[in-house]
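Structure, as structure tokens:
Just the heavy atoms: all of them, side chains too, but no hydrogens, waters or symmetry mates, feed the values below.
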Amino acid sequence: MNQFQDVFNEFSQLHNQKYNLGEILSFLDSKCANGYFDRDVYQQLIDQIPQAQSQQQCTINQLINVFKKAQDVLNDKISKCQQIIDQKNIEIRAYNDKIKQQQTNSVNSSSKLNVEILEAEILYQSNGQLQISLECMSSVVYTQLAKRLNPVWNETFDFNVNEQAVMKFILLDTELQQKRGIGGVAYIDINTFGDQMLHDFTVNLTDESNSIVRAKLHLKIQWIYSKNKYLQDLVNENMIQINQLEQEINDHIVDLDIINSPFKQAIKFQNNLTISTYQTQQNQQQQQQQQQGNILLISESQIDRLVQISLLLIILYLVFGLLNTMYRTLNFDFLVIFYCFLFYQKNYKLQSLLHIKIIMVMLGVALLMDIIWLAIYSTPYLGEFNASYDHLEYGLQKYQIILSWLLLFVKIVVLMFYVHIYATYPDKSTQVYDQQWNAIFGWKDIKQINIYRNYN
């Protein structure tokens, strides 16, 4: 706000006194490089000041506040658009990875149809319970029975289909079935959904003569006949959205430039000071990092190699866990191992640090449990033989303690390895590799543009 105050001080230092709008506009014109301040922008700013338009007067402070508010709003919009662009770039990279993975594995996906039956609006009189019958190819499925008033099902069905498939929806009414009648029927050609996108719509169910609408059925339908094409379409859709967002950012930058045009000299002076200070701080930080030598950033390919090595350590963890199960119950350890294997099954590349954080916490708890167990049970069996113990039992218990210490050592190595992966991962605190963590505990106002379902 200082740059606004500095410039308006040239007009008047009495910022709480009201001045004529025309005089203020003439002053703003004089401060612009081209001698002209945009009239439409000026009018929009004045409209935000109460009674300014009717009185043709306002104070300098009021005008400074609306300038600052407009600047903040535009900066906020630019920041949000950039965040969404970052999110879209993550999705594009994930889709491209899936496409490459499919091409490498030579997987040909079958043609699948997903139908979700939501609710219906009934347009005829009846007291019976309602049910939807769906016929597709050689399959027939039924929803649960629902009450006559505002029936809701929210049930999903999957079919293996081809391009000749036709869906037949029949509204079954328990009262009409006694008279061998139906509530309504509708036919939908599967080629209606050839774009492979998710369709959310309402279909009319008519009588058998197709002349009277008996009900309206709310559906969500998606037909995936080529997984590669579907993923490529999602990539193209995200690219279009990114281009739109970039254009939106450019528009906001133009508006911001118009608002700042009378204050560019003051802003330029402050920015020079800021840049100089920033460069000094950066040089100091670089010197500290070079002196400390404790910051290590490595490439993504090296990170992926570390993830592969950590999988081998988890397998070693499993082996020692199985050996220990002959004498101990290791429910929590196997829960940790199961989560680790689940992570590796779904992530051939590390694309989020959220899993690493969860694994580290779980390993820390498992270590604590082992330390407590060893503190309680290891003492009687690590010293000299006690005559009160049977020789066989004593030997087995000592073997158990040794295995438990080895298991503890393996857990420490695994935990240290995950800490190393987390500590060396680039941009972990500012960029998009931890987007799931931010989605849960961070940004709450990021709107997802892509509404299509993920194809698994």
Side-chain angles (χ1 to χ4, degrees), residues 1-89 237-279 430 443-449:
M1 189 177 290
N2 290 335
Q3 68 268 20
F4 299 124
Q5 293 175 344
D6 292 341
V7 171
F8 276 111
N9 280 338
E10 300 178 21
F11 177 77
S12 173
Q13 295 186 357
L14 302 176
H15 289 186
N16 289 321
Q17 181 176 328
K18 289 189 176 182
Y19 297 93
N20 183 272
L21 297 182
E23 295 177 359
I24 297 175
L25 179 58
S26 298
F27 172 75
L28 293 175
D29 285 340
S30 68
K31 300 303 295 182
C32 294
N34 60 357
Y36 180 83
F37 185 73
D38 191 280
R39 267 45 180 175
D40 292 334
V41 172
Y42 183 68
Q43 187 61 48
Q44 293 176 21
L45 295 172
I46 295 300
D47 288 342
Q48 297 181 38
I49 302 176
Q51 300 180 349
Q53 189 64 41
S54 60
Q55 297 178 2
Q56 287 296 300
Q57 289 182 334
C58 72
T59 67
I60 298 300
N61 279 336
Q62 287 176 321
L63 193 58
I64 288 176
N65 288 335
V66 296
F67 265 105
K68 184 63 171 62
K69 181 179 179 182
Q71 189 182 62
D72 291 342
V73 169
L74 289 172
N75 284 326
D76 185 60
K77 288 181 178 180
I78 291 172
S79 176
K80 288 182 178 179
C81 287
Q82 189 58 55
Q83 289 174 4
I84 297 175
I85 288 175
D86 291 341
Q87 174 70 19
K88 292 300 168 187
N89 284 324
E237 179 67 20
N238 278 335
M239 290 298 299
I240 293 173
Q241 293 170 358
I242 287 176
N243 291 334
Q244 293 173 346
L245 288 167
E246 288 176 345
Q247 182 59 48
E248 187 176 343
I249 288 177
N250 291 334
D251 294 340
H252 293 325
I253 291 175
V254 171
D255 292 338
L256 193 61
D257 186 66
I258 293 173
I259 290 175
N260 291 330
S261 57
F263 315 100
K264 282 187 175 180
Q265 293 298 324
I267 293 175
K268 183 178 180 181
F269 176 74
Q270 290 189 359
N271 284 345
N272 287 337
L273 293 177
T274 303
I275 292 172
S276 177
T277 304
Y278 174 76
Q279 290 176 344
T430 59
W443 306 324
K444 298 296 183 182
D445 55 351
I446 296 179
K447 296 182 179 179
Q448 299 293 332
I449 296 179

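Distance alone, capped at 3.5 Å, places no donor-acceptor pair between the S79 side chain and the N75 backbone. At least one donor-acceptor pair closer than 3.5 Å links the side chain of N9 to the backbone N or O of Q5. With hydrogens and angles ignored, the 3.5 Å screen pairs no side-chain donor or acceptor of Q44 with any backbone N or O of V41. Using modelled atom types, no side-chain atom of Q17 and backbone atom of L14 make a donor-acceptor pair closer than 3.5 Å.
Closest of all the heavy-atom pairs between C58 and L21 is SG-CD2, 3.6 Å. Smallest separation of non-hydrogen atoms from P50 and Q48: CD-O, 3.6 Å. The shortest heavy-atom contact between G22 and N20 is N-OD1, 2.7 Å.
Remark: D251 CG to C81 SG distance equals 9.5 Å, nearest 0.5 Å. Distance check: I49 CD1 to S54 OG gives 11.5 Å after rounding to the nearest 0.5 Å. To the nearest 0.5 Å, atom CE of residue M239 and atom NZ of residue K88 are 12.5 Å apart. Rounded to the nearest 0.5 Å, atoms CG (N260) and CD1 (I253) are 11.5 Å apart. To the nearest 0.5 Å, atoms CD (Q62) and CD1 (I24) are separated by 9.5 Å.
Between K31 and V7, some side-chain heavy-atom pair lies under the 4.5 Å cut-off. At a threshold of 4.5 Å between non-hydrogen side-chain atoms, the residues I46 and L63 count as touching. Counting heavy atoms from C-beta outward, N243 and Q247 have side chains that stay 4.5 Å or more apart.
Q57 and Q51 share no donor-acceptor pair across their side chains, judged by distance under 3.5 Å alone. Side-chain atoms of Y19 and S12 form a donor-acceptor pair, as typed in the model, at a separation below 3.5 Å. Between Q87 and Q83, the side chains place no donor N or O within less than 3.5 Å of an acceptor N or O (distance only, hydrogens not considered). Side-chain atoms of E246 and N250 form no donor-acceptor pair, as typed in the model, at a separation below 3.5 Å. Of the N and O atoms on the side chains of Q55 and K18, at least one donor lies less than 3.5 Å from an acceptor on the other residue.
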Exercise. Passes side-chain contact (heavy atoms from CB on, under 4.5 Å), I249 versus I85? Steps please.
Worked result: CA-CA 10 Å; I249 288 177; I85 288 175; 3.7 Å; yes
Problem set entry | Criterion side-chain contact (heavy atoms from CB on, under 4.5 Å) on Y36 and L28, from CA distance to verdict | CA-CA 8 Å; Y36 180 83; L28 293 175; over 6 Å; no
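Note: Y42 and F37 have perpendicular aromatic rings, judged against thresholds of 30 and 60 degrees for the angle between ring planes. F27 and F11 have tilted rings, their planes meeting at an angle from 30° to 60° on a 0 to 90° scale.
We find that K77 and E248 are not joined by a salt bridge, their nearest charged nitrogen and carboxylate oxygen being 4.0 Å or further apart.
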